[in-house]
Amino acid sequence: MYELKTLLPQFDIKLPTCMYELRNVSLSAGATPGPAHEDTNAVVERQEKVLKQLEELKAQLGQIRKSLGVRVCGKTFQHTTAYQNGGLKEEPLHDVVVNGHPNFIPYALLALKNAWRDLYTIDVKTFTHSTMADIGPAAHDFEAKLAKVAVNAALPKINVTLIWKNCEHTEMISSPTMYVPIYGEVNIIRYLGRVGPNEYRYESSPLCNEIDAVLDICYQLLRCSTHKSQVAMVRLLDKRLQQQQYFGGDQMSVADIGVYSSLIRMPAITEKDLTPALLAWRKRAKLITQI
């Protein structure tokens, strides 16, 4: 065969001195054990030690799960309520935080707490952020009414932390690991309606679209800038109520909570602006919300 000439010149390669030199841990056939074999034994010993520590850690985690009553293999979770949610898998319900301005008091929390007192417990704790020098008499009165509603430890419960803060919108933080806000009191009502008692979960109800439509009107009502536009939204609510006892039919729903709280937050709307049907409805709703 032809001999090929070297295309590249010969270089003297100097190995860097800043790197560790690894020994060859493999044993060729017939080779006698030496320092490399000793290194192999050291690696095996370390591996066995790590595996033993992992087994001990696994046993500790098993004891912690047992003490908490959680079974991973059986997919057992602490349910948010004692009821089924339309076949959906229920996860443990985390505590939520609501940031609200004293000028826009989330009366829905008090209304739901009173309406659900025999079904579900909303435990509300209030705090004042450093951005608020004084929350005012209305917010203090709201806190006092919240404290009067007893917490029933025997019922399913969600913990709500209400922070009075100098913020533009009422917002709720439902994720304990990342800042994922839910803006607006109406949307907070929707969230609580999904995790609350079965009687107030409306997604599987034939009136689902109607309840959502009423809550959408409440959302627009709270953002009306003129009295004329507010009255126009009230007329839409009257059309939705029609001859029913409540906005959700014959029983109270989260739609009634949204309307009742929105009307309280709109002092410009007086009894003169409400139709006879809305006035009769408000009397019935007041007996339940107790606001």
Side-chain angles (χ1 to χ4, degrees), residues 64-65 67-70 76-85 88-102 104-132 135 138-167 169-203 215 252-254 257-258 260-261 264-265 288-291:
I64 295 174
R65 294 193 192 101
S67 62
L68 296 175
V70 179
T76 300
F77 299 90
Q78 295 176 342
H79 294 287
T80 56
T81 68
Y83 305 98
Q84 295 295 326
N85 186 16
L88 297 178
K89 182 180 70 174
E90 296 190 0
E91 302 288 345
L93 186 60
H94 298 288
D95 301 343
V96 298
V97 177
V98 176
N99 296 321
H101 197 285
F104 310 103
I105 299 175
Y107 287 101
L109 292 178
L110 179 57
L112 289 172
K113 192 172 184 180
N114 285 320
W116 295 354
R117 75 169 65 231
D118 297 328
L119 302 171
Y120 197 92
T121 295
I122 300 180
D123 190 4
V124 184
K125 305 294 184 183
T126 58
F127 299 90
T128 302
H129 195 263
S130 58
T131 55
M132 298 302 305
I135 62 176
H140 282 299
D141 181 65
F142 177 74
E143 289 181 339
K145 291 180 178 178
L146 282 172
K148 288 181 180 179
V149 184
V151 175
N152 190 343
L155 295 176
K157 183 179 72 171
I158 180 174
N159 295 317
V160 178
T161 300
L162 174 60
I163 302 177
W164 300 115
K165 190 176 181 181
N166 187 14
C167 53
H169 302 286
T170 303
E171 62 179 16
M172 185 187 77
I173 312 301
S174 60
S175 174
T177 56
M178 54 185 175
Y179 193 86
V180 183
I182 297 176
Y183 290 109
E185 183 185 31
V186 171
N187 293 324
I188 295 175
I189 293 174
R190 284 190 171 102
Y191 175 85
L192 294 176
R194 285 170 168 81
V195 302
N198 190 55
E199 291 83 352
Y200 280 78
R201 298 186 183 185
Y202 66 95
E203 287 186 317
L215 292 175
M252 195 168 187
S253 67
V254 292
I257 299 295
Y260 195 86
S261 177
I264 295 178
R265 290 177 55 180
I288 301 176
T289 58
Q290 300 182 19
I291 303 178

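- For R117 (side chain) and K113 (main-chain N/O), no donor-acceptor pair under 3.5 Å exists by modelled atom type.
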* To do: Apply side chain to side chain contact (heavy atoms under 4.5 Å, CB included) to the pair R190 and L215, showing each step before the final yes or no.
  => CA-CA 8 Å; R190 284 190 171 102; L215 292 175; 3.5 Å; yes
* Given V97 and M172, is the side chain to side chain contact (heavy atoms under 4.5 Å, CB included) satisfied, shown in steps? -> CA-CA 6 Å; V97 177; M172 185 187 77; over 6 Å; no
* Would L155 and L119 satisfy side chain to side chain contact (heavy atoms under 4.5 Å, CB included), going step by step from the backbone distance to the final call? -> CA-CA 7 Å; L155 295 176; L119 302 171; 5.9 Å; no
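- Rounding to the nearest 0.5 angstrom, the gap separating the CG atom in L146 from the CG atom in N114 is 8.5 Å.
- For the atom pair CD1 (I158) and CG (L192), the distance works out to 5.5 Å, reported to the nearest 0.5 Å.
- I135 CD1 to F142 CZ: the interatomic distance, rounded to the nearest 0.5 Å, is 10.5 Å.
- With Y120 contributing its side chain and V195 its backbone, the two residues share a donor-acceptor pair below 3.5 Å.
- Annotation: side chain of P106 is in contact with side chain of L162 (closest heavy-atom distance under 4.5 Å).
- One finds the CH2 atom of W116 at 13.0 Å from the CD1 atom of I288 (value rounded to the nearest 0.5 Å).
- At distances below 3.5 Å, at least one donor-acceptor pair connects side-chain atoms of H129 with backbone N or O atoms of T131.
- Atoms OG and CG, on S261 and L110 in that order, are 9.0 Å from each other to the nearest 0.5 Å.
- Under the 3.5 Å distance criterion, with hydrogens and angles disregarded, no donor-acceptor pair is assigned to the side chains of T170 and E185.
- Residues V96 and Y191 form a side-chain contact, since some pair of their non-hydrogen atoms from C-beta on lies under 4.5 Å apart.
- With ring centers used as reference points, F127 lies 6.0 Å or more from W164.
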* **Audit row: T161, V98, side chain to side chain contact (heavy atoms under 4.5 Å, CB included) steps and yes/no** => CA-CA 6 Å; T161 300; V98 176; over 6 Å; no
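- Panel note: side chain R201, backbone G196; a donor-acceptor pair is recorded below 3.5 Å.
- Judged by distance alone, the side chain of Y260 and the main-chain N or O of I291 form a donor-acceptor pair under 3.5 Å.
- For the pair T121 (side chain) and K157 (backbone), a donor-acceptor distance under 3.5 Å is absent.
- Here the straight-line distance linking atom CG of D141 with atom CD1 of I105 works out to 8.0 Å at 0.5 Å rounding.
- For I257 against M252, the heavy-atom pair with the smallest separation is CD1-CE, 3.7 Å.
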